[in-house]
Amino acid sequence: MQILLPDQSRLELPEGASGLEAARTIGPKLAEQAVGVRVNGELRDLRLPLSDGEQIEILTTRNSGDPDALVVLRHSAAHLLAEAVRRLYPGVKIAIGPAIENGFYYDFDFPEPIAEEDLARIEEEMRRELAEGREWRREELERDEARRLFTEQEEPYKVELVDEAEGTISTYSQGDFTDLCRGPHLIDSKPVKALKLTALAGAYWRGDSANKQLTRIYGTAFFSKNDLEAHLVRLEEAKKRDHRRLGAQLDLFHFDEHSPGSPFWHPRGMTIFNQLEALRLRENARRGYLEVKTPLIYDKALWVTSGHWEKFRENMFLIPVGEEHVYGIKPMNCPGHMLLFGSKLRSYRDLPLRYAEAAPLHRNELAGALHGLTRVRYVTQDDAHLFCAKDQIPTELDGCLDYLRYLYGLFGIEPRAELSTRPENKLGSDEEWDFTEGELRTALDRYSIPYVLGAGEGSFYGPKIDLHITDVLGRSWQMGTIQLDAQMPARFGLTYVGADNREHPVYVIHRALLGSFERFIGILLEHTAGDLPLWLAPVQLRVIPVGEDHAEAARAIVEGLRRAGFRADLDDRAESVGRRIRDAELEKIPRLVVYGDKESPDDLAVRERGGAQSRKSLKELVLELTPLSSLPVS
RNA sequence: GCCGGAGUAGCUCAGCUGGUAGAGCAAGCGCCUUGUAAGCGCUAGGUCGUCGGUUCGAGUCCGACCUCCGGCUCCA
């Protein structure tokens, strides 16, 4: 048979030859370094047979940046971990251990809880395995055989996986350790040159909080010690961009234990917040939205009507009022907007009606879920509800997607889109969900937006288009969301009078495009490392008088800049010029003006963040910065 | 909420096996009058997260709670 190589040349091989044999035919060195094979673009075990006409690419220890090569390495490292744990902790049950981005993990059910100190011990055992050397053997089994094997080994989690496995059941063994596994794996443990166990955490069996919580051990592995070092350095660098750290450094916000999960916005952070709010107001006005303000607390009865009492109560802050009543602080704006829409008779001539409100919302998020600005209890969405007739849905969805593109384009952020469909605890019938999900899907297609499917991840009242962004530590956060809802307007009995003088049902699009100001600012800080564009920078310019004698003239420059609409301040501390420049750089101030004997309002020394210097008049400076300083126009 | 870890000055951290706390930076004051990323000196600053327990004696040992960090679950 003939196999196609990456350079388009053909390789003649005996029928049924494996990837490893292909590598050997090309060269012994290649076979030695081979860790896996990509067949027609898909990762496959080296031991598996190839077929005639397949296009292959041998992955080796030299492909240290190739995710597939690393997957093979790390997945094998996970098996080394499992072997070590089994040897050290008799009675432990093993669950699953895949490679993940940047490493691997393995889940165990320990008879006695282990602590972080144990990791060193386990790592040592793994090193011993590496010193001895391990070879992996692949075997294919019948389901019954596999079942018997893992029953004998008293591995109930593996038995459960065997029972649910589809297709060929295979095992990989190294030493006297055998694991149920689809592969692929290394041929032997030689390529594992750098190994590190990184963390210990709880994780529910099969990711379901109703199941038993297992102990997850995280680790990472590389083809070289240098790669591991580089990875650790990258992690350190990433930590410097962490928005929680930047928030303190740049004096933007802080948290206090008296109100966990609720940021205290400092003046500088509030400037960023307000600039985004100004952008929201201007752009909403341009796009035919109407700003409203609705109450923060509502009687329980409203939440019963909206469905939140049934589906969202555990996330709500409730306030008992007297003996009789319970009020709920709103976690979303929608029910209030429903009341507003329903406050009078609506005609088809009123539609679409786009109500916008960026109100404070409170959600009692699980204590362990809170995370800086990206997961808060006091959240401010750039929210709006678009009330429309059925046939207006496509146009309104288009409007949202266009708005979305505009906003994310402004910030140079490229989110991933996800279509989240009906969840288990949904309201309404399957027919209604078929319709609303279909509307969202076709809208995405009209806009040629690539998306992944989030099956079962919709809101309880409707499906969503969600935008996700990854933070500096690799965690994915949901930002903007567009949700199509037939349930809530129906529950509130919302209708409009059509041209036919009859009542028709109203549809609502819930949409928050930045998502929330809090999370968006957190992500923006991490993406920019705090180097915000001029229009968002809390302090845009700082004037530094060289000596005491220059303070007055410098103050006049600050005044001039402020009158021109800039956020400017003066640093006339009795510190050296070098010191004050350093402090301003650390504060990420975009422009500095150093003012001494050589300067006049017609000849200023301007320094850009980072160091570039130039000379210009105050007038020129104002002219240059004004377009960058005001809200961006499309 | 669950698993693991941590909480000492505004920040970053030291404090060995129990004997009433220390550094650097920041702050305040003074000196220097500064030319593009840290000038010098002095001073002040801590209920050692909270509550309880063991002990002659607790930052240190034990327990509960609170908060934070890393995961899981959940979400903008």
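Chain naming here is simple, since letters A, B, ... match the order of the sequence lines and numbering starts at 1 in each. Below, each value reflects all heavy atoms present in this structure, side chains not excepted, and no hydrogens, waters or symmetry copies.
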Considering only atom [atom1], compute the distance from [N] to [M] and round it to an integer number of Å.
N     : M     : atom1 : answer
B/G70 : B/U12 : P     : 14 Å
B/G15 : B/A9  : C1'   : 14 Å
B/G49 : B/G59 : P     : 10 Å
B/G41 : B/C51 : C1'   : 44 Å

Counting only Watson-Crick pairs (N1-N3 plus N6-O4 or O6-N4) and G-U wobbles (N1-O2, O6-N3), all under 3.5 Å, who is the partner of [N]?
N     : value
B/G41 : B/C29
B/C75 : none
B/C68 : B/G5

What's [X] touching, base or sugar-phosphate or nothing? Going by heavy atoms closer than 4.0 Å.
X        : result
A/Ser576 : base
A/Ala203 : sugar-phosphate
A/Arg206 : nothing
A/Gly515 : sugar-phosphate
A/Leu473 : sugar-phosphate
A/Lys464 : sugar-phosphate
A/Arg519 : base
A/Ala584 : nothing
A/Gly207 : sugar-phosphate
A/Gln478 : sugar-phosphate
A/Tyr218 : sugar-phosphate
A/Asp549 : nothing
A/Gly578 : sugar-phosphate
A/Glu116 : sugar-phosphate

Nearest-Å distance, [atom1] ([X]) to [atom2] ([N])?
X        : N     : atom1 : atom2 : answer
A/Glu424 : B/U73 : CD    : P     : 15 Å
A/Glu575 : B/C29 : CD    : P     : 12 Å
A/Asn102 : B/G70 : CG    : P     : 15 Å
A/Arg542 : B/A37 : CZ    : C1'   : 13 Å
A/Arg609 : B/U36 : CZ    : P     : 21 Å
A/Ile96  : B/G71 : CD1   : C1'   : 14 Å

Determine whether a donor-acceptor pair (one donor, one acceptor, N or O, separation below 3.5 Å) exists between the side chain of [X] and the base of [N].
X        : N     : result
A/Arg216 : B/C3  : no
A/Arg582 : B/A38 : yes
A/Glu599 : B/G35 : yes
A/Tyr204 : B/G1  : yes

| Toward the 5' end of RNA chain B, by each residue's nearest nucleotide, A/Gln483 or A/Asp242 | A/Asp242
| Centroid-centroid distance, A/Tyr461 to A/His510, less than 6.0 Å | yes
Do [X] and [Y] have side-chain N/O donor and acceptor atoms under 3.5 Å apart?
X        : Y        : answer
A/Asp118 : A/Tyr89  : yes
A/Thr528 : A/Lys588 : no
A/Thr481 : A/Asp466 : yes
A/Thr470 : A/Arg416 : yes

| query | Would you say B/G71 has OP1 or OP2 under 4.0 Å from some side-chain N or O of A/Arg475? | reply | yes
| task | Return no unless some side-chain N or O of A/Ser209 is found under 4.0 Å from OP1 or OP2 of B/U73. | result | no
| task | Apply the test side-chain hydrogen bond (donor to acceptor under 3.5 Å, both in side chains) to residues A/Tyr157 and A/Asp107: give CA-CA distance (whole Å), side-chain angles for both, the deciding distance (0.1 Å), then the verdict. | result | CA-CA 10 Å; A/Tyr157 299 102; A/Asp107 285 348; over 6 Å; no
| field | Candidate list A/His243, A/His527, A/His371, test ring-ring contact (aromatic ring centres under 6.0 Å, His included), partner A/Trp477, passing option | value | A/His371
| task | From the options B/A37, B/G35, B/A26, select the nucleotide whose nearest atom is closest to the side chain of A/Arg615. | result | B/G35
